[in-house]
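Position 1 is the first residue of the sequence, and the numbers go up from there.
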Amino acid sequence: MGAIGIWRDELQDDVARLLEAAGHETVELAAGSQLPGGLALLLGDARTVLAHAGRIAAQRAKEGEGRLPVLAVLAATADDAAIKAVLAVADEVIRRPVAAAELSVRVGRLLACRGQSLAIGELRTYSDGTKTALAAASADLSRRVKALHCLSEVHAVIQRFGQPREELFKGVVALIAPAMRWPQAAHARVLADGGEFPSPGFRQGPCQLRFPLAGSGQPDAALEVFYDAEEPASGDRCFDAEEVELVRLVAQRLDRTLARLGAEAALAREREFSALLMNTLPGGVVRLNRDGAIVFCNPRAAAVLELQNRSLGSHAYDDPGFGSADVDGRPLADGAHPFVRVLATGRPVYDMVLSIARPVGGRRFVSVSAAPLFAPDGTVDEVVVSIVDVTGQKSMERQLAHALKMESLGQLAAGIAHEINTPVQYVGGNLEFLGNTFGQLLELLDKLAASALAGQGDRSLAEELATLLGNEELRFILEETPAAIRESKEGLDRVAAIVLSMKRFAHPGNELPQPVDVAGAVADTLAVSRSAWKFAADVSVEIDADVPPVLFVPGDFNQILLNIVVNAAQAIEEKFAPTGRKGHIAIRAARSGAGVELVIADDGPGIPATIRQRIFDPFFTTKPVGKGTGQGLAIVHALLERHKAGLDVLSSPGEGTSFVLRLPVAEQAKIGR
């Protein structure tokens with residue numbers, strides 16, 4: 001039921017009672033009062049309704065589509081003109097007197113019409129709202145579709161492989177204008193690579209969007225979009241938020257593409273550089289997989305390893321054809337190969353010198369450095385090996401060592417000649433004495449023979465012999481002859497010993513490590529170098545009887561001893577020459593743990609702390625020009641390192657220097673190999 005407004009000016013109370021009895025709520029209206037909102041129906045005397053026609057019209061306009069129904073009560077005598085006038089304001093009229101049933105029907109019908117009117121109004125309002133929302137959504141969807149299509153087309157242009165950058169820029173800017181609100185007035189361009197790449201018919205306008213393209217690596221590179229001169233119908237034309245976002249996304253994708261192209265160009269250049277570097281490196285580079293097979297080899301490595309001349313199955317590091325050995329030609333111990341060491345430890349190996357067999361015969365020396373390439377799980381996936389051919393260097397080192405040895409021998413030649421000349425002189429004197437003696441003996445024998453032939457008696461021959469033997473000069477000759485012969489033999493033995501020492505020293509006869517007798521090597525060295533130290537120092541030698549042979553190339557061991565002894569003699573001479581006194585060189589050898597410790601000590605001036613770290617540097621010397629080459633101790637260090645021997649230098653300025661050599665024992669297993 002609804003609320004019904006009733007004017008009671010001319011109405012009888014029975015009408016109000018009828019409505020209330022039917023369950024309607026009634027609101028009494030005074031003649032001059034305002035019509036309250038929310039009335040379901042307005043009922044009043046016809047004259048009152050006509051009097052308030054303006055108020056009713058205003059209320060109906062306020063109600064909108066759900067108009068306020070009006071029921072007017074007419075007098076029984078009302079004519080047609082009166083009815084027509086009332087119907088101009090009211091929706092329905094009813095004559096007095098009115099029955100309760102008729103009044104209920106009329107009121108119910110008007111209330112139903114009002115409900116339908118309100119529903120239709122609401123439906124129209126909803127329909128209009130829906131149409132407006134649908135139009136807005138459709139427009140928004142259309143713009144979004146255009147934006148997505150633009151981004152899709154931009155992505156397609158960007159993905160074209162290998163296209164010139166100019167085509168990329170022109171392809172992108174041509175897609176922007178169709179996605180704008182006013183495509184005919186939109187224009188775009190890319191500023192990059194020192195040039196301008198505009199869309200077709202490009203014009204600049206007052207409204208501009210600019211996004212820098214930092215990914216290009218160019219400070220002035222940018223994507224710019226313009227709207228040209230405004231249209232009267234559109235007012236100030238400018239970009240809305242959706243257009244700004246679209247252009248930003250296009251610029252972002254183009255920026256990422258330029259960054260990617262820059263990275264790809266840099267990567268391609270790095271690859272080209274790496275390829276050129278690999279092809280022009282003076283050293284070889286090899287990659288080995290975990291099985292030891294070669295998976296990459298640059299041209300220099302292939303040349304050094306001479307792979308084209310080998311019939312290896314897999315070109316693996318351990319193929320017998322390579323015959324890998326150490327610098328002395330000995331087969332490598334288990335786990336000693338750089339590849340195996342890197343695979344086992346995961347740590348690099350640097351500058352390990354190996355020798356490999358050449359397909360045409362002979363051996364090649366290579367310096368090998370190896371480093372691991374790790375897999376994602378942290379295991380060693382591959383081993384990268386650097387190979388440098390040092391055959392020429394090793395040959396030059398050997399030639400230099402030999403030349404320096406010959407230089408040392410040349411410097412000692414005068415002293416050796418003097419050492420040989422002394423016994424030769426007294427051997428010559430003794431031979432001259434023996435020659436004269438035999439002359440006199442022959443003369444005596446001639447006289448005895450003449451006496452015997454003359455037929456003289458035995459007495460006269462005996463007397464003659466006694467007279468001759470009683471001659472003092474003859475007695476001297478007979479007594480000194482055995483001594484002269486003995487001294488001559490000793491002199492010749494001395495000469496033979498010196499010559500043999502020289503021969504053993506200068507021509508060891510073997511370039512492979514072998515057992516070397518420490519005492520014999522020391523004796524040979526002292527014999528050869530005697531002229532260098534005998535006037536400067538006294539030498540004492542203490543070698544324990546249980547000192548075993550050491551594993552060395554004999555010539556290299558002799559060279560080490562010679563260089564240290566001569567260096568000590570020169571240092572002693574420098575210190576004691578002004579005093580006229582001699583110094584002292586002490587050579588001691590004893591077994592120490594698993595090796596042999598050989599000490600060569602002198603009481604010379606010692607080595608200053610400022611140069612102690614440089615004494616093994618090649619060409620470093622403190623001697624005057626022409627007296628030292630600076631190679632002696634450098635060779636000592638290199639030879640000891642080659643034979644895996646240790647060296648310590650202990651020196652006190654003013655008191656002397658000791659060279660402590662820790663030498664490997666010649667074990668039978670190693671000797672056999």
Side-chain angles (χ1 to χ4, degrees), residues 270-374 380-402 511-513 553 618 638-639 641-644 673:
E270 287 299 320
R271 287 175 176 168
E272 181 181 3
F273 170 75
S274 298
L276 290 174
L277 183 63
M278 285 295 174
N279 291 334
T280 57
L281 276 175
V285 177
V286 178
R287 280 171 47 205
L288 302 167
N289 62 18
R290 289 186 57 86
D291 297 327
I294 296 175
V295 296
F296 170 80
C297 184
N298 74 337
R300 181 56 183 162
V304 171
L305 298 176
E306 300 178 88
L307 296 182
Q308 70 280 6
N309 296 326
R310 298 184 185 271
S311 58
L312 306 179
S314 61
H315 286 169
Y317 83 98
D318 57 351
D319 274 322
F322 285 118
S324 298
D326 64 13
V327 71
D328 298 316
R330 294 172 298 184
L332 296 176
D334 294 340
H337 195 283
F339 170 80
V340 179
R341 290 171 58 184
V342 170
L343 203 62
T345 65
R347 293 193 298 268
V349 175
Y350 297 106
D351 301 326
M352 183 175 179
V353 179
L354 305 176
S355 66
I356 58 174
R358 299 190 61 190
V360 295
R363 300 191 70 81
R364 186 190 295 273
F365 292 94
V366 292
S367 177
V368 177
S369 297
L373 273 178
F374 292 101
V380 178
D381 186 45
E382 292 183 350
V383 176
V384 179
V385 180
S386 170
I387 301 175
V388 178
D389 185 0
V390 295
T391 304
Q393 175 185 336
K394 288 298 176 184
S395 177
M396 290 181 62
E397 286 178 0
R398 292 183 181 275
Q399 293 176 15
L400 178 60
H402 182 71
E511 290 299 322
L512 293 178
V553 175
L639 293 178
E641 192 173 60
R642 173 185 169 189
H643 290 81
K644 299 180 177 58
R673 294 197 305 183

Check [X] against [Y] and note the closest heavy-atom contact, atom names and distance.
X    : Y    : answer
M352 : L332 : CE-CD2, 4.4 Å
L307 : C297 : CD1-SG, 3.8 Å
F339 : D291 : CZ-C, 4.5 Å
G346 : P372 : O-CG, 3.3 Å

V286/F296 under side chain to side chain contact (heavy atoms under 4.5 Å, CB included): CA gap, chis, key distance, verdict = CA-CA 6 Å; V286 178; F296 170 80; over 6 Å; no

Would you mind telling me which of E382, R290, H337 makes a side chain to side chain contact (heavy atoms under 4.5 Å, CB included) with L343?
->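 Exactly one option meets the side chain to side chain contact (heavy atoms under 4.5 Å, CB included) with L343, and it is R290.
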
[X]: partners by side-chain contact (heavy atoms from CB on, under 4.5 Å), with sequence neighbours left out:
X    : value
T345 : R347
L277 : F273, L281
A370 : P338, V342, V383, V385
P299 : N279

Pairs satisfying salt bridge (Lys or Arg N to Asp or Glu O under 4.0 Å), at least one member in residues 359-369, at least two apart = E306-R364, R364-D389

Salt bridge (Lys or Arg N to Asp or Glu O under 4.0 Å): pairs with one or both residues in residues 295-305, sequence neighbours excluded =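 Listed by first then second residue: nothing to list.
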
[atom1]/[X] to [atom2]/[Y] distance, rounded to the nearest 0.5 angstrom?
X    : Y    : atom1 : atom2 : result
F365 : I356 : CZ    : CD1   : 10.5 Å
N289 : L373 : CG    : CG    : 12.0 Å
D351 : S386 : CG    : OG    : 8.5 Å

Within-4.5 Å side-chain heavy-atom neighbours: V368 and V349 | no

